[in-house]
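Quick caveat: nothing in here was measured; it's all calculated off a predicted structure.
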Amino acid sequence: MNVDCPCGSGTAYAACCEPLHDGARHAATAEELMRSRYAAYAKGLTDYVFRTWHPRTRPADLTLDADTRWTGLRVVDVTAGGPDDERGEVAFAADYATGRGRGVLRERSRFTRRAGRWYYLDGEHP
């Protein structure tokens with residue numbers, strides 16, 4: 001069954017973010033990492049979110065809100081973060097729904113490469 005990936009790429013999950021979530025390969029760009037992290041939030045894959053967070057800035061413990069359902073992702077801007085870059089930024093808007101209503105999380109995320117792998121560093125909420 002070809003279920004679309006939650007990241008909004010229009011590609012089947014099995015060919016898009018699932019290989020990243022399963023550790024079969026690593027994200028080639030900052031945008032790909034951001035999309036895979038969004039998909040991990042949508043699927044409740046806390047371990048993946050934790051593993052792709054830079055050790056210097058990640059929390060000691062990570063718990064996802066079970067009441068939050070992620071419903072859509074729009075990439076707004078990508079600044080660097082290509083296969084040959086060491087740093088990148090990705091601005092996005094992520095739609096969500098909770099028992100209290102709907103909302104949009106907007107963030108400009110910063111990423112860095114360490115030992116050839118991309119990591120989420122931090123983000124600003126405009």
Side-chain angles (χ1 to χ4, degrees):
M1 185 157 113
N2 282 337
V3 176
D4 282 347
C5 190
C7 81
S9 67
T11 305
Y13 175 65
C16 191
C17 290
E18 186 174 39
L20 296 157
H21 294 163
D22 291 346
R25 68 179 190 85
H26 300 294
T29 66
E31 180 181 356
E32 187 177 34
L33 181 64
M34 187 279 304
R35 285 182 175 278
S36 69
R37 286 174 53 83
Y38 170 84
Y41 275 99
K43 291 188 154 292
L45 303 175
T46 309
D47 288 348
Y48 182 79
V49 174
F50 188 81
R51 280 194 326 266
T52 58
W53 204 318
H54 194 283
R56 186 171 41 107
T57 58
R58 72 179 168 216
D61 183 40
L62 180 63
T63 304
L64 303 182
D65 183 354
D67 185 43
T68 302
R69 188 170 49 91
W70 296 97
T71 59
L73 175 68
R74 292 175 309 286
V75 174
V76 177
D77 183 47
V78 178
T79 306
D84 297 324
D85 295 328
E86 293 300 316
R87 297 194 178 276
E89 290 186 10
V90 180
F92 67 89
D95 299 317
Y96 64 89
T98 69
R100 297 173 305 281
R102 297 182 173 278
V104 178
L105 169 70
R106 289 177 172 74
E107 181 174 302
R108 177 167 289 280
S109 298
R110 293 187 319 143
F111 298 87
T112 188
R113 269 211 317 203
R114 180 178 177 189
R117 291 179 56 188
W118 284 104
Y119 290 90
Y120 171 78
L121 192 58
D122 59 20
E124 294 179 357
H125 301 272

Q.
To check you understand the geometry: which heavy-atom pair defines the closest contact between Cys7 and Cys16, and what is its length?
A. SG-SG, 3.6 Å
Q. Does NZ or CZ of Lys43 lie under 6.0 Å from the centre of the six-membered ring of Tyr38, at an angle within 45° of the ring axis?
A. no
Q) Between Asp65 (side chain) and Asp67 (backbone), is there a donor-acceptor pair under 3.5 Å? A) yes
Q) Looking only at atom types and distance, does a side-chain atom of Thr98 sit under 3.5 Å from a main-chain N or O of Thr68, one as donor and one as acceptor? A) no
Q | Smallest separation among heavy atoms of Ala42 and Pro6, with atom names | A | CB-CB, 3.9 Å
Q: To the nearest 0.5 Å, tell me how far Thr52 OG1 sits from Arg37 CZ.
A: 4.0 Å
Q. Regarding Arg58 and the six-membered ring of Phe50, is the cationic atom NZ or CZ under 6.0 Å from the ring centre and inside 45° of its axis?
A. yes
Q: Decide if atom CZ of Arg25 counts as having more than 12 heavy atoms of other residues, nucleotides or ligands within a radius under 6.0 Å.
A: yes
Q.
So His54 and Arg114, do their side chains get closer than 4.5 Å, heavy atoms only?
A. yes
Q) In terms of side-chain heavy atoms, does Tyr120 have a donor or acceptor partner in Ser109 at a distance below 3.5 Å? A) no
Q: For residues Ala80 and Val78, report the shortest heavy-atom separation together with the two atoms involved.
A: O-CG1, 3.4 Å
**Q.** Min side-chain heavy-atom separation Asp95-Arg74 under 4.5 Å
**A.** yes
Q: Show your working on ring-ring contact (aromatic ring centres under 6.0 Å, His included) between Trp70 and Tyr96 and close with a plain yes or no.
A: CA-CA 4 Å; Trp70 296 97; Tyr96 64 89; 5.5 Å; yes
Q. Hey, are the side chains of Asp77 and Arg108 touching, using non-hydrogen atoms and a 4.5 Å cut-off?
A. yes
Q) Is there a path of hydrophobic side-chain contacts, each under 4.5 Å between heavy atoms of I, L, V, M, F, W or Y residues, that connects Val90 with Leu20? A) yes
Q | Cluster overlap Leu33 with Leu62, hydrophobic side-chain contacts below 4.5 Å | A | yes
Q.
A side-chain contact here means heavy atoms from C-beta on lying under 4.5 Å apart; do Trp118 and His26 qualify?
A. no
Q. Are Tyr48 and Leu121 in one and the same hydrophobic cluster, where Ile, Leu, Val, Met, Phe, Trp and Tyr link if side-chain heavy atoms are under 4.5 Å apart?
A. no
Q: Give the cluster check for Tyr119 versus Trp53: same hydrophobic cluster or not, with ILVMFWY residues linked at side-chain heavy-atom distances below 4.5 Å.
A: no
**Q.** Residues Glu124, Arg106: salt bridge by 4.0 Å N-O rule
**A.** no
Q: Show your working on side chain to side chain contact (heavy atoms under 4.5 Å, CB included) between Glu107 and Met34 and close with a plain yes or no.
A: CA-CA 11 Å; Glu107 181 174 302; Met34 187 279 304; over 6 Å; no
**Q.** Contact check, side chains of Arg35 and Leu73, non-hydrogen atoms, under 4.5 Å
**A.** yes
**Q.** In one Ile/Leu/Val/Met/Phe/Trp/Tyr side-chain cluster, 4.5 Å: Val75, Tyr13
**A.** yes
Q. If you take all heavy atoms of Ala30 and Gly88, which pair is closest and at what distance?
A. CB-CA, 4.4 Å
Q. Distance-only, no hydrogens or angles: does the Arg87 side chain make a donor-acceptor pair with backbone N or O of Arg113 under 3.5 Å?
A. no
Q.
Ignoring hydrogens, what is the shortest heavy-atom contact between Ala40 and Val49? Give both atom names and the distance.
A. CB-CG2, 3.8 Å
Q. Is there a donor-acceptor pair closer than 3.5 Å between any side-chain N or O of His21 and the backbone N or O of Ser36?
A. yes
Q | Approximate separation, where rounding is to 0.5 Å, of Thr46 OG1 and Leu64 CG | A | 3.5 Å
(Q) Checking Glu31 against Thr29 for the side chain to side chain donor-acceptor pair (under 3.5 Å) test, could you report, in this order, the C-alpha distance in whole Å, the side-chain angles of both residues, the deciding distance, and whether it holds? (A) CA-CA 5 Å; Glu31 180 181 356; Thr29 66; 5.6 Å; no
**Q.** Separation between CZ of Arg110 and CD of Glu89, rounded to the nearest 0.5 Å
**A.** 7.0 Å
